[in-house]
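Worksheet for the structure shown next.
Since the model is a prediction, treat every value here as computed from it, not as a measurement.
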Amino acid sequence: MTAIQRIWRHGRIATLAADGEGYGIIDDGAIAVGDRRILWVGPADELPLEAADAAEVYDLQGRCVTPGLIDCHTHLVFGGDRADEFERRLAGESYEEIARGGGGILSTVRATREASVDELTDAAERRAHRLLSEGVTTFEVKSG
């Protein structure tokens with residue numbers, strides 16, 4: 001077994017039980033990690049003995065831990081934004097009116113075509129980091 005390097009203790013760990021019982025919670029749970037892999041998950045009082053040698057131990061203080069989220073439909077690469085259209089729609093303006101005025105999907109198509117590769121890459125990278133910071137560990141990027 002790979003050596004346990006890090007332990008997260010005292011968490012509420014959401015699981016999908018292998019026995020088919022559905023979702024569950026391990027109260028006062030622990031997670032043991034080594035070599036960038038999860039090696040063990042379960043009740044903290046059942047941690048393997050080798051966990052005592054872990055270099056880093058983190059106290060989750062009852063926080064909930066879930067598996068990484070998956071976003072199977074993202075559009076990370078685009079130029080411009082349509083925030084003003086959202087406001088206009090809230091105010092009652094129709095999409096057709098917005099599009100006739102130069103807005104709508106064609107406005108971001110235009111902005112994407114006008115943006116440099118560096119601008120698009122930088123913006124997509126910021127969006128990807130934001131997803132990661134919110135717990136998304138896997139995402140698929142759709143073209144536009």
Side-chain angles (χ1 to χ4, degrees), residues 1-48 51 54-144:
M1 180 169 150
T2 302
I4 294 173
Q5 299 161 332
R6 293 178 189 86
I7 298 172
W8 283 265
R9 298 179 63 113
H10 308 300
R12 296 194 70 213
I13 301 172
T15 68
L16 181 56
D19 62 8
E21 301 267 334
Y23 293 102
I25 292 285
I26 300 172
D27 283 310
D28 195 27
I31 302 169
V33 174
D35 197 25
R36 299 178 55 158
R37 300 181 72 101
I38 296 173
L39 302 175
W40 184 90
V41 176
D45 61 2
E46 295 178 21
L47 267 164
E56 300 173 46
V57 179
Y58 304 94
D59 187 343
L60 292 168
Q61 300 176 348
R63 291 181 181 94
C64 190
V65 178
T66 67
L69 304 173
I70 298 170
D71 190 334
C72 61
H73 190 119
T74 64
H75 293 273
L76 292 184
V77 183
F78 62 88
D81 71 68
R82 295 170 56 195
D84 65 314
E85 291 179 30
F86 182 73
E87 298 275 335
R88 292 164 65 186
R89 293 293 304 270
L90 287 176
E93 197 170 344
S94 73
Y95 180 82
E96 291 77 17
E97 293 169 313
I98 293 169
R100 275 196 301 272
I105 190 69
L106 292 179
S107 68
T108 49
V109 169
R110 223 175 4 264
T112 302
R113 289 179 178 159
E114 292 170 359
S116 71
V117 171
D118 285 342
E119 290 170 325
L120 293 172
T121 301
D122 290 346
E125 194 171 317
R126 284 192 306 276
R127 293 178 188 117
H129 284 291
R130 184 166 199 171
L131 285 171
L132 291 168
S133 76
E134 294 171 348
V136 177
T137 59
T138 306
F139 51 87
E140 180 179 2
V141 179
K142 304 293 185 181
S143 66

> Are V41 and W8 close enough, and set up right, to give a side chain to side chain contact (heavy atoms under 4.5 Å, CB included), and what steps lead you there?
Replying inline: CA-CA 10 Å; V41 176; W8 283 265; over 6 Å; no
Please list, one pair per line, the donor and acceptor atoms closer than 3.5 Å that link side chains of residues 28-37 to other protein atoms, with sequence neighbours excluded.
{"from": "D28", "atom 1": "OD1", "to": "H10", "atom 2": "ND1", "distance (Å)": "2.8"}

Shortest non-hydrogen contact from [X] toward [Y]:
X: V77; Y: V141; answer: CG2-CG1, 4.4 Å
X: G104; Y: Y95; answer: CA-OH, 3.4 Å
X: S107; Y: G102; answer: CB-O, 3.4 Å
X: S116; Y: E119; answer: N-OE1, 2.7 Å
X: A14; Y: P67; answer: O-CD, 3.8 Å

> Any donor-acceptor pair under 3.5 Å linking the side chain of E46 with the backbone of P43?
Replying inline: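 It does not hold such a pair.
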> Is there a donor-acceptor pair under 3.5 Å between the side chain of T121 and the backbone N or O of D118?
Replying inline: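 Not a single qualifying donor-acceptor pair exists.
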>> Is it the case that atom CZ in R127 sees more than 12 heavy atoms from other parts of the structure closer than 6.0 Å?
In response: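 Above 12, so yes.
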>> Taking atom CD1 as the centre, does I38 end up with more than 12 heavy-atom neighbours from other residues, nucleotides or ligands that are less than 6.0 angstrom away?
In response: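 Not more than 12 within 6.0 Å, no.
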Spacing of [X] atom [atom1] and [Y] atom [atom2] [to the nearest 0.5 Å]:
X: R9; Y: L60; atom1: CZ; atom2: CG; value: 10.5 Å
X: L106; Y: T112; atom1: CG; atom2: OG1; value: 11.0 Å
X: D59; Y: I7; atom1: CG; atom2: CD1; value: 12.0 Å
X: E140; Y: H75; atom1: CD; atom2: NE2; value: 10.0 Å
X: I25; Y: C64; atom1: CD1; atom2: SG; value: 4.5 Å
X: E125; Y: L120; atom1: CD; atom2: CG; value: 12.5 Å

>> Side chains of T74 and V136, heavy atoms from C-beta outward: is any pair under 4.5 Å?
In response: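 Counting from C-beta outward, T74 and V136 never come under 4.5 Å.
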> For the salt bridge (Lys or Arg N to Asp or Glu O under 4.0 Å) test, which of R88, R89, R82 pairs with E85?
Replying inline: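 For E85, the salt bridge (Lys or Arg N to Asp or Glu O under 4.0 Å) check succeeds only for R82.
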